[in-house]
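Here the structure is laid out as structure tokens; the discussion comes afterwards.
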Amino acid sequence: MKRTDGYELWLSYSPYSESMTKKYSAIIKNVYTALGSEILDAVSDEIELAFSSLLDTNFLLERNETVRFNNSSLLIAPYDHLDDDLCARLPPNKLPDGDGYSILSIQDSILITGLTEKGVLYGSFYFLRLLQTGKSIENLSIVSSPAVKWRILNHWDNLDGSVERGYAGKSLWKWKELPKLIDPRYKDYARACASIGINGAVLNNVNTQVYILSQEYIEKAAAIASIFRHFGIRIFLSVNFSSPALLGGLGTADPCDKNVIQWWKEKTAEIYSVIPDFGGFLVKADSEGQPGPYIYGRDHADGSNMLGRVLEPYGGIVIWRAFVYGQGETDRAKKAYSDFKPLDGKFLSNVCVQVKNGPIDFQPREPIHPLFGGMDKTNIFMELQITQEYLGQGNHLVFLAPMWKEILDFDTFANGKGSTVGSFLAAKADVKRITGISGVSNIGSDKNWCASLFHPANWYAFGRLCWDNTLSVEEIADEWAVCTWGANQKVLEAVKYILMNSWQACLDYMTPLCLHHIMRYNHHYGPDPACDEGSREDWKPKYYHRADSAGLGFDRTRNGTDAVDQYHKPVADMFDDIKTCPEKYLLWFHHVPWDYKLSSGRSLKEELSYVYEKGVKEAEDLRNKWLETKPELDKKRFESVLDKLNIQYEDAKEWRDVCLSYFLKFAEGEK
Ligand code: GCV
């Protein structure tokens with residue numbers, strides 16, 4: 001009996017169909033895997049677990065130091081564990097780069113190999129996915145390598161067990177029990193991550209508690225690392241830049257002070273003595289109250305390079321966030337570029353600047369951050385938000401893959417046409433650069449991990465797109481749907497409908513035409529365009545929508561804040577001109593008169609009403625589509641999803657009503 005609580009995520013290993021199970025069982029009679037390490041053992045265990053339900057015959061599983069050719073077998077081993085005869089049978093040019101994998105048919109057998117054990121791990125999960133999704137496993141010739149080197153989940157988990165912007169219960173990490181008690185969920189989390197290629201996890205919130213660097217907590221983190229290591233996942237810690245003063249008792253945290261540097265050196269040595277594969281530090285500096293080098297008259301390069309030097313002997317990296325705003329800038333959207341662009345070329349080779357996908361803060365839609373393609377001498381990581389802080393949180397079903405594809409496919413023109421963000425981040429040919437994508441996790445202690453049975457789709461899509469940003473949204477949706485929900489066509493149809501249409505619905509009922517940051521103060525759930533709370537102007541919706549009797553939207557053109565000129569010329573010109581600015585970004589860049597005619601032929605005022613109404617209808621359609629699955633599904637799963645979709649539909653109506661009644665008053669002449 002399969003579980004229905006969502007715990008197994010996309011790894012429930014339900015057979016696709018009887019006929020496919022028969023085919024697979026006829027091909028795979030024996031399994032030979034390589035012995036030798038924690039990762040290879042994890043692979044063998046996973047294969048054993050999966051095949052016990054994906055095959056209908058008894059199969060032999062043998063673990064050996066070296067793997068040799070056998071007929072009707074699945075052979076799984078890194079290249080240096082294959083015997084000479086098997087190596088000689090490999091077709092030419094079929095080995096992957098780095099941590100990639102090859103899955104190759106050799107006569108009537110199948111070989112999963114790679115240059116590293118991690119490659120074999122990822123290849124094995126990919127192979128299991130072929131079986132889960134009912135794909136043919138004949139004549140295989142698959143070679144695949146990750147597009148970016150670092151594929152990291154950022155947990156905004158506090159040490160008291162709460163999760164900032166978390167909507168799925170408490171933190172997964174049970175700090176009070178660690179290091180003595182190891183929750184079995186650590187392993188299941190790591191399996192799920194490895195199955196989609198994630199290779200890093202930052203355990204704690206970027207708004208830090210300094211004692212994460214105390215000896216006690218380093219030992220707790222080491223216990224988690226000892227589980228994750230089996231699945232190729234390295235841990236990182238978010239650190240407070242002022243730790244030498246706040247934890248170490250020094251009078252300063254000035255990055256140029258020799259005692260401060262010595263403190264970091266000793267702390268780093270202590271960490272590596274118990275976590276030899278520690279990934280490095282993530283730092284939120286000089287941002288939203290977190291201390292940074294500015295306090296000491298130093299800049300972001302001084303601060304991050306000091307940590308880079310300390311981590312360098314161990315192969316660790318610094319991930320330094322560019323989420324800064326505040327003093328000295330008329331437009332919050334411009335601040336990170338203004339501060340970081342002049343530092344391009346000044347960061348050490350193991351320092352990576354982590355930039356949110358858009359210039360403000362994980363809105364339902366934002367144009368790309370101008371630092372992508374704006375700093376070509378710096379390692380740039382992209383930060384995406386998987387947890388839906390501004391997109392209905394744990395209540396709205398919104399599949400984020402279409403948004404992330406739009407971001408990755410955006411052409412920055414940094415090196416002429418075709419300089420997409422995805423190709424910039426991947427930079428496969430550019431071996432000198434460290435590349436990475438981080439995702440703010442949506443994972444918590446809820447049985448289903450992510451607040452609903454649908455929310456894990458975003459965790460899944462994140463990993464898949466980090467590995468291969470050329471995958472289409474449909475491909476990712478298809479994979480997740482079958483692996484999670486099984487092969488019932490009616491259920492699949494509804495699941496995919498929701499996945500493919502939910503982001504557009506959310507955009508329409510929340511922030512049409514790129515309105516942004518009009519959510520309620522602080523918790524960011526629900527509409528509040530009139531909100532005047534908050535100690536800073538750039539936390540208030542009015543700062544962003546700028547509604548008045550003349551029109552709506554933020555003028556970031558050359559006549560306004562000139563944010564457009566932070567982009568490369570053809571893009572800057574395109575955004576600057578209201579006629580060429582894509583309508584999907586219109587109110588981000590322009591203060592548009594109420595009677596301005598859009599491509600639909602409707603005025604702005606009419607369009608706003610039209611799109612909000614459309615959004616409500618789309619939310620209703622998501623719910624109605626789900627109703628069709630009632631005869632096909634167990635009550636528990638059917639109702640748990642329906643409950644969320646009902647909330648989403650009600651919320652969509654609230655968004656429409658609140659926003660239209662507020663904005664249309666201005667259209668009717670209110671100042
Ligand atoms: C972790 C936004 C969020 C904060 C978050 C911050 C950040 O402001 O609302 O919760 O803090 O971004 O990314 O640092």
Side-chain angles (χ1 to χ4, degrees), residues 152-168 171 173 201-210 212 236-242 281-292 294 300 303-304 318-327 329 332-333 335-337 339-340 352-364 366 369 371 380-394 400 407 436-444 462 510-511 516-526 528 531 533-541 543-544:
I152 304 182
L153 286 180
N154 288 192
H155 291 267
W156 285 356
D157 293 19
N158 299 313
L159 304 185
D160 65 359
S162 60
V163 181
E164 181 153 351
R165 311 305 176 189
Y167 312 105
S171 169
W173 326 127
V202 184
L203 299 182
N204 61 318
N205 191 358
V206 288
N207 293 328
T208 56
Q209 283 93 29
V210 280
I212 187 67
F236 292 73
L237 296 176
S238 296
V239 296
N240 185 307
F241 193 75
S242 286
F281 297 134
L282 171 65
V283 193
K284 171 173 177 176
D286 292 306
S287 164
E288 295 187 333
Q290 292 296 306
Y294 281 7
H300 291 290
S304 59
V318 181
I319 308 174
W320 191 268
R321 297 176 87 225
F323 179 63
V324 293
Y325 57 95
Q327 304 308 312
E329 190 53 82
R332 172 172 163 179
K335 180 70 175 159
Y337 185 96
D339 283 7
F340 278 83
C352 310
V353 174
Q354 180 159 297
V355 182
K356 288 189 181 182
N357 61 270
I360 298 291
D361 191 15
F362 300 136
Q363 296 305 297
E366 296 193 30
H369 199 296
L371 284 174
I380 299 283
F381 279 22
M382 176 180 276
E383 182 174 315
L384 299 169
Q385 197 186 49
I386 309 172
T387 194
Q388 296 166 218
E389 176 179 354
Y390 294 94
L391 292 95
Q393 304 177 358
L400 300 174
I407 292 161
I437 305 184
S438 296
V440 180
S441 145
N442 62 349
I443 302 161
F462 170 77
M510 278 189 185
T511 52
H516 48 288
H517 221 305
I518 54 174
M519 290 75 188
R520 285 201 186 105
Y521 174 62
N522 210 9
H523 58 67
H524 299 153
Y525 187 91
D528 197 359
C531 170
E533 272 176 84
S535 52
R536 301 173 54 104
E537 284 313 298
D538 57 9
W539 284 349
K540 297 181 184 173
Y543 174 91
Y544 297 98

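Values below: all heavy atoms of this structure, side chains included; hydrogens, waters and symmetry mates excluded. Whatever order the structure lists ligands and atoms in, that order sets their numbers, starting from 1.
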How does Phe362 reach ligand 1, if at all, at less than 4.0 Å between non-hydrogen atoms: by side chain, backbone, both, or neither?
neither

Using heavy atoms and a threshold below 4.0 Å, how should the contact between Asn205 and ligand 1 be classified: side chain, backbone, both, or neither?
side chain

Does the pair Tyr543 and Arg536 meet the rule for a side chain to side chain donor-acceptor pair (under 3.5 Å), with working shown?
CA-CA 10 Å; Tyr543 174 91; Arg536 301 173 54 104; over 6 Å; no

Please determine whether any non-hydrogen atom of His524 lies less than 4.0 Å from an atom of ligand 1.
yes

Looking only at protein heavy atoms, identify the closest one to [atom] and say how far it is in Å.
atom	result
atom 4 (C) of ligand 1	Glu164 OE2, 3.4 Å
atom 2 (C) of ligand 1	Asp361 OD2, 2.9 Å
atom 8 (O) of ligand 1	Glu288 OE2, 2.9 Å
atom 9 (O) of ligand 1	Glu389 OE2, 2.5 Å
atom 14 (O) of ligand 1	Lys284 NZ, 2.6 Å

If we number the atoms of ligand 1 from 1 as shown, the ones under 4.0 Å from a heavy atom of Arg321 are 7 (C), 13 (O), 14 (O)

Assess Lys356 against Phe323: is NZ or CZ under 6.0 Å from the centre of the six-membered ring, and within 45 degrees of the ring's axis?
yes

Out of Thr387, Asn207, Thr208, the nearest non-hydrogen contact to atom 1 (C) of ligand 1 is supplied by Asn207

Passing candidate, ring-ring contact (aromatic ring centres under 6.0 Å, His included) with His524, options Phe362, Tyr167, Trp539, Tyr390:
Tyr390

